[in-house]
Amino acid sequence: MKDVSRAKAVVDLLGRLVACPSVNPGARAPGVGCGEGPMAELLMALLQSWGAQTKLVELAPGRYNMVATWQGKETGRSLLLDAHADTVGVEGMTIPPFEPQTRAGRLYGRGACDTKGPMTAMLLAIRKILDEEGQLPVTLHFSATGDEEEGATGATRLVESGLPMDAVIVAEPTEMNMVYAHKGAVRFRVSLSGKAAHSSVPWLGINAVEAAADMIGAIHRELPGRLQHQNHPELGRPTACVSTIKGGSKVNIVPERCQFEVDCRCLPGERRDHLETAMSGLLAPVAASYPGLQVACEVSQWYPALAGNRADAFIAHMTEACGAVTGSRASGTAPYATNGGFFSQAGIPCVVFGPGSIAQAHTADEFIELAQVEQAVDVYAGMIRSF
Ligand SMILES: [Zn+2]
């Protein structure tokens, strides 16, 4: 039987969250995204009215983490529920991004799937336990983290804050599958500065585009093979993709500048410094063959891998709690990176779970199936109770 009040609560809260823009301004022009401020304000007021202590942490001007805490019956342990507050931009969307619409059992709008739908289910699970028991079984933190989409400074800062957490559940649209492992992602930006000259006398210049081409060839052939971890039974092999390039100014000028970016997906256990060493080991010999060329390589974004295992006690418990509601005790891996890797890297057991499909995340007509959000309320509640 359909629970009418549950359905209404989901549409009401998810609608409010979608109607509150929280676009990540990222590296785009200033003013394009508004950041997490309005969303953090909305959540603070709501969760204070639910008895939580709240804390706002500014990551950068206009960028925030919001953390709410409820003391539980059992005080010795604490669980963190994390859902990122930011969304991607709205360019090219074919539906009104911030005017939530419900049609045919779906709610449409930017962030409906990634990740305000999963966030709604998490919050209503907390509300459900508070309504039924008056208090949560353990101390519970809920974080609406900032900047997940463009470098995850929010998750980084949350881990560094020393907030006591014995385990973490990260909300993302996993189609109700328990995800215990995913690859990490590192994004490099390589900037080359050579010397301009007339193209009829190229030996008088230092060609930044040709040097970049040689570097890209080396990265394409060799970078994945130089990483420390080469194979994972479920995640497969590391990959590298050169994804942007800009260079040169005119066809008859030896190009002075070139910049390109590389997206590398690594396996659990790979450390950021290993990745940087592997990259510089490929760039240095090419740079040496262009005397006078200046090369700068920076890590623009870094998401560690989620390094769990199906047999881990926490994963097994969470999978069982999910199965008790959905009937499916399946768990697995995901191809994308999440905030979960930051907790995993700090040694904190973590799973990623939520309603909705990654296929609808970041899309022109983003939506989520409301029935899944409703069912996820019971799953998250079961996960909190069985922790
Ligand atoms: Zn997300």
List the atom of [X], the atom of [Y], and the distance in Å for their closest heavy-atom pair.
X: His182; Y: Pro304; value: CE1-O, 3.9 Å
X: Ser191; Y: Gln259; value: OG-NE2, 2.9 Å
X: Ala364; Y: Gly92; value: CB-O, 3.6 Å
X: Leu56; Y: Ala40; value: CD1-CB, 3.6 Å
X: Ala197; Y: Val201; value: CB-O, 4.2 Å
X: Ala307; Y: Ser344; value: N-OG, 2.9 Å

At what distance, to the nearest 0.5 angstrom, does [atom1] of [X] lie from [atom2] of [Y]?
X: Leu163; Y: Ser78; atom1: CG; atom2: OG; value: 6.5 Å
X: Leu123; Y: Lys128; atom1: CG; atom2: NZ; value: 15.0 Å
X: Glu210; Y: Cys258; atom1: CD; atom2: SG; value: 10.5 Å
X: Met176; Y: Cys322; atom1: CE; atom2: SG; value: 6.0 Å

Check your understanding: For Val186 and Val262, what are the C-alpha separation, side-chain angles and deciding distance, and is it a side-chain contact (heavy atoms from CB on, under 4.5 Å)?
Key -> CA-CA 8 Å; Val186 60; Val262 184; over 6 Å; no
Report yes or no: does [X] contribute a side-chain atom to a donor-acceptor pair with the main-chain N or O of [Y] at less than 3.5 Å?
X: Asp365; Y: Thr94; result: no
X: Ser143; Y: Thr145; result: no
X: Arg110; Y: Thr363; result: yes
X: Thr174; Y: Asn177; result: yes
X: Ser193; Y: Arg257; result: no
X: His84; Y: Thr338; result: no
X: Asn65; Y: Gly154; result: yes
X: Glu36; Y: Tyr64; result: yes
X: Lys116; Y: Leu17; result: yes
X: Thr319; Y: Ile315; result: yes

Exercise for review: Would you check if the distance from the ring center of Tyr380 to the ring center of Phe353 is below 6.0 Å?
Suggested key: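 For Tyr380 and Phe353, the ring centres are under 6.0 Å apart.
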Practice item. List the steps, then state whether side-chain contact (heavy atoms from CB on, under 4.5 Å) holds for Ile348 with Asp166. Key: CA-CA 6 Å; Ile348 305 163; Asp166 294 297; over 6 Å; no
Practice item. Evaluate the side-chain contact (heavy atoms from CB on, under 4.5 Å) criterion for residues Arg226 and His274: first the C-alpha distance (whole Å), next the side-chain angles of each, then the deciding distance (0.1 Å), finally the verdict. Key: CA-CA 9 Å; Arg226 290 196 175 203; His274 293 150; over 6 Å; no
Ion pair [X]/[Y], N-O distance below 4.0 Å:
X: Arg16; Y: Asp12; value: no
X: Lys183; Y: Glu270; value: no
X: Glu374; Y: Arg6; value: no
X: Arg271; Y: Glu276; value: no

Practice item. Let me see the working for His362 and Glu149 under side-chain hydrogen bond (donor to acceptor under 3.5 Å, both in side chains), right down to the final yes or no. Key: CA-CA 10 Å; His362 306 193; Glu149 299 287 359; 3.2 Å; yes
Any side-chain heavy-atom pair from [X] and [Y] closer than 4.5 angstrom?
X: Arg77; Y: Glu74; result: yes
X: Lys195; Y: Asn207; result: no
X: Asn339; Y: Val352; result: no
X: Thr139; Y: Trp70; result: no
X: Pro355; Y: Glu369; result: no
X: Leu223; Y: Cys264; result: yes
X: Val295; Y: Tyr290; result: no
X: Asp114; Y: Thr87; result: no

State whether the number of non-hydrogen atoms from other residues, nucleotides or ligands found under 6.0 Å of [X] atom [atom1] is greater than 12.
X: Gln53; atom1: CD; value: no
X: Lys55; atom1: NZ; value: no
X: Glu222; atom1: CD; value: yes
X: His198; atom1: NE2; value: yes
X: Lys246; atom1: NZ; value: no

Review point. Is there a salt bridge (Lys or Arg N to Asp or Glu O under 4.0 Å) between Glu58 and Arg157 once you walk through the steps?
Key: CA-CA 10 Å; Glu58 190 172 41; Arg157 192 77 80 82; over 6 Å; no
Point to revise | Residue of the set His317, Met122, Met178 for which side chain to side chain contact (heavy atoms under 4.5 Å, CB included) holds with Met383 | key: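 Only one of His317, Met122, Met178 forms a side chain to side chain contact (heavy atoms under 4.5 Å, CB included) with Met383, namely Met178.
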Exercise for review: For the pair Tyr108 and Phe367, name the ring-plane relationship: parallel under 30°, tilted 30 to 60°, perpendicular over 60°.
Suggested key: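 Because their plane-to-plane angle lies in the 30° to 60° range, the rings of Tyr108 and Phe367 count as tilted.
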Review point. Are Arg187 and Glu261 close enough, and set up right, to give a salt bridge (Lys or Arg N to Asp or Glu O under 4.0 Å), and what steps lead you there?
Key: CA-CA 7 Å; Arg187 278 86 188 235; Glu261 292 176 296; over 6 Å; no
Check your understanding: Checking salt bridge (Lys or Arg N to Asp or Glu O under 4.0 Å) for the pair Asp312/Arg310: CA distance, chi angles, key distance, verdict?
Key -> CA-CA 6 Å; Asp312 296 345; Arg310 183 176 279 128; over 6 Å; no
Review point. Should Ile169 and Phe387 be marked as a side-chain contact (heavy atoms from CB on, under 4.5 Å) after you check the CA-CA gap, both sets of side-chain angles, and the distance that decides it?
Key: CA-CA 11 Å; Ile169 302 167; Phe387 169 60; over 6 Å; no
**Study point:** Lys NZ or Arg CZ of Arg127 over Trp50 ring: under 6.0 Å, within 45°
**Key:**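 Yes, a cation-pi geometry holds between Arg127 and Trp50.
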Practice item. Could you give me the CA-CA distance, side-chain angles and deciding distance for Thr54 and Gln48, then say whether side-chain hydrogen bond (donor to acceptor under 3.5 Å, both in side chains) is met? Key: CA-CA 7 Å; Thr54 61; Gln48 283 169 7; 2.7 Å; yes
Exercise for review: State yes or no: do Leu80 and Phe314 share one hydrophobic cluster built from I, L, V, M, F, W and Y residues joined by side-chain heavy-atom distances below 4.5 Å, directly or via other members?
Suggested key: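 Different clusters.
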Check your understanding: If you group Ile, Leu, Val, Met, Phe, Trp and Tyr by side-chain heavy-atom gaps below 4.5 Å, do Ile129 and Val379 land in one group?
Key ->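 Yes; Val379 is reachable from Ile129 via cluster members.
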Exercise for review: Show your reasoning for whether side-chain hydrogen bond (donor to acceptor under 3.5 Å, both in side chains) applies to Thr69 and His141.
Suggested key: CA-CA 4 Å; Thr69 300; His141 309 289; 2.8 Å; yes
